[in-house]
Each structure stands twice: as structure tokens, then as C-alpha cells.
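Each ligand, and each atom within it, is numbered from 1 in the order the structure gives. Sequence positions, counted from 1, serve as the residue numbers for this chain.
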Amino acid sequence: METPQNDRGQFGNLGFVLAAAGSAVGLGNIWKFPYITYDNGGGSFVLIYLLSVLLVGAPIMIAEITIGRSTQRSPVGAFLKLGRPAWSTIGWLGITTGFVILSYYCVVAGWTVHYFLKCLAWSFNGFTQTDAATLGDQFGDFVSNGKLQILYHGLFMAFTVTVVVFGVQRGIERATKTLMPILFVILILLVINSTRTPGFREAIVFLFKPTSIGSDGVLEAVGHSFFTLSLGMGAMITYGSYMSKRQSVPKSAITVSALDTLIALMACVIMFSIIFSVPAAERGSQFSQSLAILFTTLPKMFYSLPGGAVLSPIFYTLVAFAALTSTISLLEVVTSFFIDQLRWPRRVATVLVGLLIFSFGILSGLSQGSVSALSEWTPIGDKSTGVFDTLDYLASNWFLPVGGFFIAIFVGWFLAGSFTRKETEEGHGHFALHNLWRVTLRFASPAAIGWVIYAVILGKKFN
Ligand code: TRP
């Protein structure tokens, strides 16, 4: 199967928006955002996150899509086409970041499949007191079982490869067009259900009532806006390269950013309503154990509520679908490099890259307790423990913000205004906010990211 440049595949109507929203909506929304919101006290954190989506996220999303659509290339080729060869370094950084993120992201995605199956079993066989009491231990046993970790990680990678191998329209577009509406319907059902729980009111107050917040929280909010919108590594450049010139770049970017934010807030409403429905004394300190919440605290709470036996497997289906549409985009970024630059057939590229990332991901899978050398590896001092943590720390705190910074600088300062105007107006008509967008990219976005990077250098962790 030859894949010449002009036959790279293209998204149909709605294809781009759904695929890009699928990339953005993932574990970042359903697992990470609720827990960091909780840890940072709610209200003000949410407000700053919203500001940062508006000031940093949405403008860079428009920038990435513009780069992709105007060049019809994945990141490395796109920068080679638009700028001096040195700029392609950002593309290389993006491919490396995609490789790294997918390797550990796929491990957690595998956990969602395991917990879906576990919940199905609980729903049919009954969830006992013993189950409730040992959830933490069960989770610990599961993540430190090396064989199971490799099995589920491999399973999820196989799902991902199966979609990406079919290409842009028949693979990515078809999968996201099926999964995203299902995901949205499940979310709405769960939100409606939340309104009937006793914790709903407290959840809303917690989310929207301004509280005090430290500078760490501000940094965490900015850093998360990159991760959750899939920005900073060229995922949107890659998807943008499959976007039709008849569609509006600014409108699509705004729609994707808005959908992602809405879904993150909906996930918070669902999780907090459940958590606040349980009396404070029984919530325990477990909730602040980051990774574990979704798998230790939540099942217990589900099964203590009416309808939980039906809702919990549905909930984990949702999480797994959200993760899948994100792993697809991560794999596509790396794969498309081999297809575009090295002219490999898609099938060969996808399977090989999938196998490679799977193999590398085994290190993360085994670093949750099964192999102590990997679990205790601390190459960057007290910043992280184990391979899994270290990779997440490097990718979220360094690679994505640095990539985003240079993408903003590149489009804001190095691409001519006449060029970006022409490219953003194609398929859109007059883009009234064009100059405001450029000014944001020139000053506001780099300043905000620069501050984050500076804080990371000073040693503040904000993933
Ligand atoms: N945005 C996804 C999430 O919130 C994760 C993700 C997918 C991602 N593709 C990406 C993050 C590209 C950064 C870059 O879970």
C-alpha cells in the first residue's frame, strides 16, 4: 500500500472535530482533573483552569491545527516545510513525547478494562463488605502483578493498533464517530443521575465557589490545560493535517476546547456527587491518593448507592472508551512520521510502532511494585518514584510545556501574519479575532508557559 503525500487520507464532515475531541477527552479529564481539582480545593482552581484553556489552550490549538492543515504533514515534515530545519526539532520532540506518553498511558488504560470486568463480576455476583474493605489491597495486588499488567497493557495496545491500522477515515474517524456519541450519552445519563444524589449540591458548590489557592495550584492548572487538550506535541498538527480546507480551523478548535472542558466538568460533577454522598467521616483519606481514586474509592461508593450495580460497569466503559480515543491519537502521531517521512506502508508502520511502544511500556507496567528496581528508580531525585512516575513527570512537566512554548513562538513570531490570516480564513471566512489571536500567541501564551517552565526549573511539580 503506497501512501503518497496527496493520498494521506482526510476527515469527512464532523470527522475532525470528533477525532480531535476524542483525543482531548481521556484519562486527563476523568481521572486526573477531578483529583487535582479536589487536591487544590475546587472553585478557584477550576476558574484558573478555565482561564488557561482560554488564554493558552485554545490559541495554541488554533496554531497547531493551522500548521497541520497548511502543510498536510505530520509534525516533523510540517516544521521542515514551514521553517528552517532547526524548527523540526519541535517535531522530533513531539514524536518522542507521543512515544513516552502512550507507553505509560496505555498501562492505565488497561486498568480501566480490568475494572470494567471486575465491576461486571461485582454487579452479577454481589459486592460484599469484604470487597469494600479490601479494595485498596486488591488494587495494590493488581498493579503489582507483572503478568496482568503486561496482559492488559498489551490488550489495550492491540485495540489501539486495530483502529489506527485502518487509517484516517476507516479507522480513526469511524471509531471516534461511534465511540464519542456513546461516551457523551453515558456522561449525560450519569450527570442526570448525579442530580438525584444527596451529594450533588455540595459537589456544585465545591466546583464553582471561589476559594483560596496557592501558586502551585495555578501552575498545575496551566500544565494540565496542555495535557487535557492534547497540546504541545503535535497531536493537533497531525489531526489538522487530515482536515479538509473547507472547514473552519478557529471554530473547530473552539468546539474541541469547549467540549473537552465541558466533559472535564461533567466528570467532576459525577465523581464529586458520589463522593459527597458518602458521609464525610467515611470518605477516609484514601481520596487524595491520586492514581488510586478511580479504582479504590469509587467502586465502593458506587456500590453503596442505589443503582450502582448498573452504573459502575457503564462508568468504566466510558472511561475505557475515552482512553481509547486518546491512545489512538498518540499512536497516530508516531505512526504518521514513518508514513509521511519514511514512506512506510501504514500497516507496517502501525504494527511496528505499536509493538515498540508496547515493549517500552512494559517498563512502566512493571514499575508499580512488581519489579522493585523499576518501581524504586529515582533518576531525578525526589521528583518521582519509579519508571511510570518519572515518564509522566518528564512528559507533562517538561516536554509538553516546552513544545507548546515553541509552537506559540513559531506561529506568533516566525510565520507571517498574512500567511496565518490566509490559512485560518480558508473554510472560515473573515476571522475577526485573527490579530488578537496572534498577539495572544506572541505574548500572553509564551509568558504563561514561560512562567510554568521557570517554576518547574525551580522544582515545583504540577502534573
Ligand atoms: N488529552 C488526553 C487526556 O486528557 C491525553 C492525550 C492524548 C494527550 N493525546 C495527547 C496528551 C497528546 C498530550 C498530547 O487524557
Side-chain angles (χ1 to χ4, degrees), residues 18-37 49 52-53 56-58 60-61 63-65 68 74-75 90-91 93-109 111-112 156 160 163-164 172 175-176 179-180 183 220-240 253 256-257 259-268 291 294 318-337 357 391-405 407 449 463:
L18 286 175
S23 166
V25 176
L27 296 169
N29 303 58
I30 300 175
W31 153 68
K32 213 169 186 180
F33 184 63
Y35 118 70
I36 58 179
T37 299
Y49 161 78
S52 124
V53 167
V56 184
I60 292 184
M61 173 97 66
E64 283 203 21
I65 302 172
S74 49
I90 308 174
L93 177 68
I95 289 170
T96 313
T97 311
F99 190 100
V100 169
I101 295 184
L102 181 54
S103 76
Y104 68 80
Y105 195 95
C106 202
V107 172
V108 183
W111 297 353
T112 67
F156 213 89
T160 310
V163 174
V164 174
I172 301 173
T176 48
L179 297 180
M180 290 307 283
L183 182 140
E220 197 159 9
V222 178
H224 183 68
S225 66
F226 274 95
F227 188 85
T228 189
L229 293 174
S230 301
L231 296 177
M233 54 154 270
M236 292 299 165
I237 297 181
T238 309
Y239 274 8
V256 172
S257 308
L259 265 177
D260 183 74
T261 308
L262 180 70
I263 291 179
L265 293 175
M266 287 167 83
C268 281
L291 262 176
L294 200 58
L318 162 94
V319 186
F321 282 2
L324 181 61
T325 53
S326 296
T327 55
I328 290 171
S329 83
L330 288 160
L331 182 61
E332 178 65 20
V333 171
V334 188
T335 303
S336 67
F337 167 79
I357 299 180
L391 295 180
D392 185 34
Y393 171 79
L394 285 177
S396 316
N397 292 12
W398 284 99
F399 300 171
L400 294 181
V402 168
F405 180 84
I407 290 169
I449 307 163
N463 60 345

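Note that CG of L93 is 6.5 Å distant from CZ of F399, once rounded to the nearest 0.5 Å.
Ligand 1 has no atom lying under 4.0 Å from any heavy atom of F33.
Considering every non-hydrogen atom in both V100 and A395, the closest pair reads CG1-CB, 4.4 Å. Across all their heavy atoms, C268 and T37 have their closest contact at SG-OG1, 4.3 Å. Between S225 and Y49, the shortest heavy-atom contact is CA-CE1, 4.3 Å. Across all their heavy atoms, G240 and I65 have their closest contact at CA-CG2, 4.0 Å.
The shortest N/O to N/O separation between M233 and ligand 1 does not fall below 3.5 Å.
Contact atoms of ligand 1 toward S326: 2 (C), 7 (C) (distance under 4.0 Å to a heavy atom of the residue). Within ligand 1, the atoms closer than 4.0 Å to a non-hydrogen atom of L27 are 15 (O), numbered from 1 in the order shown. The ligand atoms of ligand 1 that sit less than 4.0 angstrom from a heavy atom of S329 are 7 (C), 9 (N). For ligand 1, the atoms lying closer than 4.0 Å to a non-hydrogen atom of S23 are 1 (N), 2 (C), 6 (C), 7 (C), 9 (N).
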Under the criterion side-chain contact (heavy atoms from CB on, under 4.5 Å), I'd like the reasoning laid out for I407 against L231: C-alpha separation, chi angles, the key distance, then a yes or no. CA-CA 10 Å; I407 290 169; L231 296 177; over 6 Å; no
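At the shortest separation from atom 15 (O) of ligand 1 among protein heavy atoms lies Y105 OH, 2.6 Å. Of the protein's heavy atoms, F227 O, 2.8 Å lies nearest to atom 1 (N) of ligand 1.
The nearest non-hydrogen atom to atom 7 (C) of ligand 1, considering only S230, G232, G403, G28, comes from S230. Comparing A323, A24, A235 by heavy-atom distance to atom 3 (C) of ligand 1, the nearest is A24.
F33 and H224 have parallel rings, their planes meeting at less than 30° on a 0 to 90° scale where 60° marks the start of perpendicular.
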